[in-house]
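Since the structure comes first, as structure tokens, the remarks are kept for the end.
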Amino acid sequence: MLRKNPENSQDRPKQIRLEYAYASQFTYADWLDYFKKNDRQRLEISFAGDILTAREQKIIFPSVCYFQRGERSNGMHLLNAADCFARSSSQAVYKDCIRYFVKEENVHSAYLKTYMEHYHVREKNVVILDSIFRYLRKLFGLRCEVMVLVTAEMIALSYYDALMHASGSKALKSICRQMLQDETAHILFQSYTLSYFPKSIWMDFFRIILMEAASAAVWAACHKVFLAGGWTLKRFLRANLGCLKRSIALSNAVSVS
């Protein structure tokens with residue numbers, strides 16, 4: 001299930017693997033335990049000797065601003081939807097999981113903000129791509145919100161990998177490694193939640209269309225970072241759709257009562 005890294009102390013968060021074989025072996029109580037432990041582990045960002053060239057800054061920061069805004073949210077709509085779901089599914093602990101999830105997302109935003117501030121880059125209050133994602137999340141109930149959320153998180157895996165390799169900044173690499181670990185866990189968590197809804201080939205098809213559209217939009221907005229990080233459009237699409245395939249398998253593999 002949620003595997004522990006033997007090199008870490010007992011209080012370190014367990015390591016997550018995005019494989020459907022583990023999806024049926026844990027519950028929201030396990031997820032709450034994971035989020036609580038992860039909440040006690042905060043990344044300490046060191047800027048000692050950290051240098052970004054003017055060219056690297058020009059490539060990196062436009063997209064970092066996008067993702068920093070995307071990670072920041074009060075989560076009110078999600079929390080309200082989670083409350084309804086918790087009552088209907090008799091999974092009261094889910095509300096606590098979501099509170100920790102929202103908190104963790106805002107911690108991610110804070111990491112990126114700290115990095116931006118070090119290089120005197122200001123936050124963006126409005127990002128069109130982020131506004132579209134937020135609009136789609138609020139169209140229907142929790143199922144739609146989670147589908148959009150997990151789509152964004154899967155794309156984020158590709159983005160943070162590319163960002164990590166787009167410069168020699170040690171501080172940025174440490175942030176990206178933390179993001180990759182946390183976002184992988186989030187994908188598993190959201191996929192588990194989707195298992196509570198009726199299985200539907202049409203919903204799977206909708207998720208594929210959503211992923212393709214979202215990937216195209218993100219590539220158009222952030223392709224300079226992907227190219228600088230050694231990614232091609234083909235690799236980007238393949239990685240996102242491959243991750244989606246595993247997420248769908250996770251959701252379909254879990255049997256909940």
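As the structure is a prediction and not an experimental result, all values here were calculated from the model. In what follows, residues are counted from 1 in the order of the sequence shown.
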Original post:
Would a distance-only check, ignoring hydrogens and angles, find a side-chain to backbone donor-acceptor pair under 3.5 Å from Gln57 to Leu52?
Top reply: yes

Original post:
Quick one: NE2 on His223 to OG1 on Thr232, what's the gap to the nearest 0.5 Å?
Top reply: 13.5 Å

Original post:
Do Asn252 and Asp204 have side chains that get closer than 4.5 Å, going by heavy atoms?
Top reply: yes

Original post:
Taking C-beta and beyond as the side chain, do Met164 and Met179 meet within less than 4.5 Å on heavy atoms?
Top reply: no

**OP:** In sequence, state the C-alpha distance, the side-chain angles, and the governing distance for Leu149 and His186, and then conclude on side chain to side chain contact (heavy atoms under 4.5 Å, CB included).
**Re:** CA-CA 9 Å; Leu149 271 173; His186 292 176; over 6 Å; no

Original post:
Taking everything shown except Lys173 itself, do over 12 heavy atoms lie less than 6.0 Å from its NZ?
Top reply: yes

Subject >> Polar side-chain atom of Glu56 near backbone of Thr53 as donor-acceptor pair, under 3.5 Å >> reply: yes

Subject >> Any donor-acceptor N or O pair under 3.5 Å, side chains Arg69, Ser109 >> reply: no

Original post:
Are Phe206 and Ser200 close enough that some pair of their side-chain heavy atoms sits under 4.5 Å apart?
Top reply: no

Original post:
Okay, side chain of Ser215, backbone of Glu212: is any donor-acceptor separation there less than 3.5 Å?
Top reply: no

Original post:
Do Ser169 and Ile51 have side-chain heavy atoms sitting under 4.5 Å apart?
Top reply: no

Subject >> Whether over 12 other heavy atoms sit under 6.0 Å from Arg238 CZ >> reply: no

Original post:
Considering only heavy atoms from C-beta outward, does the side chain of Asp30 approach that of Tyr28 to under 4.5 Å?
Top reply: no

Original post:
Is the shortest distance from a Lys or Arg side-chain nitrogen in Arg72 or Glu123 to a carboxylate oxygen in the other one below 4.0 Å?
Top reply: yes

**OP:** Before accepting this row, confirm whether a basic side-chain N of the pair Asp83/Lys95 lies closer than 4.0 Å to the acidic partner's carboxylate O.
**Re:** yes

Subject >> Verdict with reasoning, Val150 to Thr193, per side chain to side chain contact (heavy atoms under 4.5 Å, CB included) >> reply: CA-CA 10 Å; Val150 77; Thr193 295; over 6 Å; no

**OP:** Would you check if there is a donor-acceptor pair between the side chains of Glu104 and Asn38 at a distance under 3.5 Å?
**Re:** yes

Original post:
Do Ser195 and Leu250 touch side chain to side chain, with heavy atoms closer than 4.5 Å?
Top reply: no

Subject >> Ring-ring centroid check Phe189 Phe35, cutoff 6.0 Å >> reply: yes

Original post:
Between Ser174 and Leu43, which heavy-atom pair has the shortest distance, and what is it?
Top reply: O-CD2, 3.7 Å

**OP:** Give a yes or no on this: more than 12 heavy atoms of other residues, nucleotides or ligands lie within 6.0 Å of atom CD1 of Ile201.
**Re:** no

Original post:
Going by atom types only, do Thr27 and Tyr192 share a side-chain donor-acceptor pair under 3.5 Å?
Top reply: no

Original post:
After noting the C-alpha distance and the side-chain angles of Ser73 and Glu105, does the key distance pass the side chain to side chain contact (heavy atoms under 4.5 Å, CB included) rule?
Top reply: CA-CA 8 Å; Ser73 173; Glu105 289 286 278; over 6 Å; no

Original post:
Taking the side chain as C-beta and beyond, is there a heavy-atom pair between Cys243 and Leu157 under 4.5 Å?
Top reply: yes

**OP:** Indicate yes or no for a side-chain donor-acceptor contact from Asp33 to the backbone of Ala29 under 3.5 Å, with no hydrogens or angles considered.
**Re:** no

Subject >> Carboxylate-amine/guanidinium proximity below 4.0 Å for Arg235 and Asp161 >> reply: yes

Original post:
Within the distance-only criterion (no hydrogens, no angle test), does the side chain of Tyr159 pair as donor or acceptor with the backbone N or O of Val64 below 3.5 angstrom?
Top reply: yes

Subject >> Check: Trp31 and Tyr94 side chains under 4.5 Å, non-hydrogen atoms >> reply: no

Original post:
Crowded around Leu79 CG? As in, over 12 foreign heavy atoms under 6.0 Å?
Top reply: yes

Subject >> Phe85 and Tyr196 aromatic centres sub-6.0 Å >> reply: yes

**OP:** In sequence, state the C-alpha distance, the side-chain angles, and the governing distance for Met211 and Ile208, and then conclude on side chain to side chain contact (heavy atoms under 4.5 Å, CB included).
**Re:** CA-CA 5 Å; Met211 174 59 80; Ile208 293 171; 5.8 Å; no

Original post:
Passes ring pair (Phe, Tyr, Trp, His ring centres under 6.0 Å), Tyr111 versus Tyr115? Steps please.
Top reply: CA-CA 6 Å; Tyr111 289 155; Tyr115 192 79; over 10 Å; no

